[in-house]
Amino acid sequence: MTLQPRPVPPRTAWALQQAGCDALLARLFAARGVADPQELDDALANLPPPDQMLGAREAAQLLADALQQGLTVGIVADYDCDGATACAVAVRGLRLLGAALGWDRVRHLVPDRVRDGYGLTPALAERVRALGANILVTVDNGIASLDGVAHARALGLQVLVTDHHLPLVQDGQPRLPADCVIVNPNQPGCPFPSKALAGVGVMFYVLLALRAELRRRGVFGPHDQPRLDGLLPLVALGTVADVVRLDAHNRRLVAQGLKRIRAGAMPPGLAALLAASGRRAARASTFDLGFAVAPRLNAAGRLHNMALGIECLITDDAAQAEALARQLDALNRERRSVEAAMREQALAQLAERALADAAAGAPAVTLFDPSFHEGVVGIVAARLKDRLHRPVFVFAPARLDDGTPCLKGSGRSIAGFHLRDALDAIAKRHPGLLLRFGGHAMAAGCTVGPDAWPAFDAALQAVAAEWLDEATLQRRLPTDGALEPERLHPDTAELLDAQVWGQGFAAPVFSDEVEVLGQRLVGERHLALRLRVQGQPLEGIWFGHTEALPARVQLAYRLEADDWQGQRRLRLIVEGAQT
């Protein structure tokens, strides 16, 4: 591993500091591309208006008609954390805005990952119609559901697609669902300035547009309209969990959500999930949302049914929220057990294929085992990608909508290898190999025939061999350099935790040459360290690392403030070492 210091534009850092930014934060923000102090102003007034999003005005008119005419809205969610929060935001927001009209006719339906597959299918459209719905709304899905939307329209349903994924491409042109309203910043012709919105962010904007439409119709005045900012904690959770790029717009949404969480102004289910994960709401951070709360919600979609997670986020009953959070916590423990077993099997396969030593030169890795669980393949792919620094696809047995056996794969990638584009190249070179595919640069999924894994493996290897070079396959860890000795303090960790970090705006990782005073294994899987950094003795831990370190070594680390025997202390969380 090579530790690679991020360049810091000195004039930009100076300008941010002159605008009132803490000196350390100014350096960190400048290194992440913040050039204007205005980008650090997280006021809601700085959000672009909803009418800048293509389709938002039409969506608002459709929903306003539904509320005023007493129609029933059926929401089709996705089964990950973004989909769950988007569904909860839709249900809560529509109920809130409809209350002034005496309207409460919103229903929701949650697909089952194994039985229903991804997106709006014709079968799901039938089930929405059976709910008595007049209008079908997708959240965090639908842009690729051409058949599902067409079937819903044939059933007489009006359809609103809210999504953030990329459209299907055929013959070089995007294909969109027909005869429906679409709100998606990534659809052709949408001028909305942020293309990085998560599905929950798109739904939040639809609600803002709906409230504006109801104002135009005289339902609300400017001073008696319902407040929608209470939905921001859920918007923050879904945005962080979906690992979308935290551009200035998304950082504002997350910052506003975190402020409300820290003040205790959040749905009972979110408060219960924080408590179940042992996190303090008053000091909640993006790390807590992404690595404590989100996995507990995602566990429901992976092993059970996301309906459990959505009910936790929708309920206003604190006792029910606590009970549901306990169930989700238990599912997450089960998920970890399944994942660990699959990971061991996967690593055994790698060893058998002589790939354990950084894939033995293979530019990509694909794995399949009949015992793999479809709900956990994405997590296992992510773990192996981190370990091997290669694009990884993991497949599990599954079935198509009509019951036909197939394999469903989930992939994770490294910087410099766009996974969805790679799948698109495979589809063009090998027509018929991919039954379905979609995703983003760093995460994507596909479906192949029950015996097509070897063919997919060969096709992916060929694309990876063309697109990846030795430099890209070299593991590099960007760092923020050394800290001044006076900054090695719990206050610095708390200052950093209060900021918004995430995909595309990475949390600070510092690096320094340290003296290793002592080291021992804890839990047989983690290396506990006694270190001397900048002349100060500090405790450190390297999770998932068991190899001993030399007496002096260049380490990359994050800062963590914790309480030890009643005293605040600083601990270093090691992320890597210069090799």
Side-chain angles (χ1 to χ4, degrees), residues 76-84 111-121 124 138 140-148 163-169 186 198-199 241-244 294 298 301-303 306 335 339 342 346 364-369 372-385 390-401 404-414 417-428 430 432-450 452-453 455-457 459-460 463-464 503:
V76 177
D78 187 21
Y79 38 68
D80 66 1
C81 189
D82 185 20
D112 181 271
R113 180 188 293 267
V114 175
R115 183 184 66 187
D116 299 311
Y118 174 76
L120 174 65
T121 63
L124 284 174
T138 70
D140 192 33
N141 74 93
I143 196 67
S145 302
L146 308 187
D147 294 340
D163 202 351
H164 69 122
H165 296 94
L166 297 173
L168 290 174
V169 176
N186 289 301
D242 213 45
V243 203
V244 293
N298 279 328
R302 296 183 188 282
L303 299 184
M306 187 49 93
R335 186 271 305 167
E339 176 202 334
M342 278 181 58
V365 173
T366 70
L367 293 170
F368 163 68
D369 191 279
F372 283 176
H373 191 292
E374 179 186 341
V376 189
V377 288
I379 296 177
V380 174
R383 300 283 195 267
L384 294 176
K385 180 267 297 182
R390 297 287 190 276
V392 175
F393 253 94
V394 180
F395 286 86
R399 291 187 180 274
L400 298 175
D401 300 338
T404 303
C406 66
L407 301 180
K408 288 188 179 179
S410 187
R412 298 295 185 270
S413 193
I414 59 175
F417 189 80
H418 195 298
L419 209 52
R420 184 190 178 278
D421 286 356
L423 292 178
D424 188 51
I426 290 171
K428 289 182 172 68
H430 306 276
L433 175 59
L434 301 185
L435 305 181
R436 295 175 181 168
F437 73 92
H440 302 288
M442 305 301 285
C446 68
T447 302
V448 301
W453 169 58
F456 176 86
D457 177 54
L460 180 64
V463 174
Q503 180 68 23

Please report the shortest heavy-atom distance between [X] and [Y], naming the atom on each side.
X: Asp78; Y: Met306; answer: O-CG, 4.2 Å
X: Ala346; Y: Val380; answer: CB-CG1, 4.4 Å
X: Phe437; Y: Cys446; answer: CB-CB, 3.9 Å
X: Ala459; Y: Ile426; answer: CB-CG2, 3.9 Å
X: Cys406; Y: Thr447; answer: SG-CG2, 3.7 Å
X: Met342; Y: His373; answer: SD-N, 3.3 Å

Inset, instruction - Before giving the answer on side chain to side chain contact (heavy atoms under 4.5 Å, CB included), spell out for Asp82 and Val244 the whole-Å C-alpha distance, their side-chain angles and the decisive distance to 0.1 Å. - result: CA-CA 10 Å; Asp82 185 20; Val244 293; 5.8 Å; no
Looking at [Y], is its backbone amide N or carbonyl O close enough to the side chain of [X] to form a donor-acceptor pair, meaning the two atoms are under 3.5 Å apart?
X: His430; Y: Leu433; answer: no
X: Asp163; Y: Ile143; answer: yes
X: Asn186; Y: Leu166; answer: no

Side-chain heavy-atom pair [X], [Y] within 4.5 angstrom cut-off:
X: Ile414; Y: Pro391; result: yes
X: Leu146; Y: Leu168; result: yes
X: Phe393; Y: Leu423; result: yes

Legend entry - Electrostatic pair Asp424:Arg420 at N-O distance under 4.0 angstrom: no
Inset, instruction - Show your working on side chain to side chain contact (heavy atoms under 4.5 Å, CB included) between Phe395 and Val448 and close with a plain yes or no. - result: CA-CA 9 Å; Phe395 286 86; Val448 301; 3.9 Å; yes
Inset, instruction - Could you grab the distance from atom CG of Leu384 to atom CZ of Arg412, nearest 0.5 Å is fine? - result: 11.5 Å
Inset, instruction - Starting at CZ of Arg335, measure out to CG of Asn298 and round the result to the nearest 0.5 Å. - result: 8.5 Å
Inset, instruction - Check whether the side chains of His164 and Asp140 place a donor and an acceptor atom closer than 3.5 Å, and report yes or no. - result: yes
Inset, instruction - List for me each residue that meets ring-ring contact (aromatic ring centres under 6.0 Å, His included) alongside Phe372, sequence neighbours excluded, and say none if there are none. - result: none
Inset, instruction - Give me the ring orientation class for Trp453 and Phe368: parallel if the planes are under 30° apart, tilted from 30 to 60°, perpendicular past 60°. - result: tilted
Legend entry - Worked verdict on Val392 versus Thr366 for side chain to side chain contact (heavy atoms under 4.5 Å, CB included): CA-CA 6 Å; Val392 175; Thr366 70; over 6 Å; no
Inset, instruction - Let me see the working for Val243 and Met442 under side chain to side chain contact (heavy atoms under 4.5 Å, CB included), right down to the final yes or no. - result: CA-CA 10 Å; Val243 203; Met442 305 301 285; over 6 Å; no
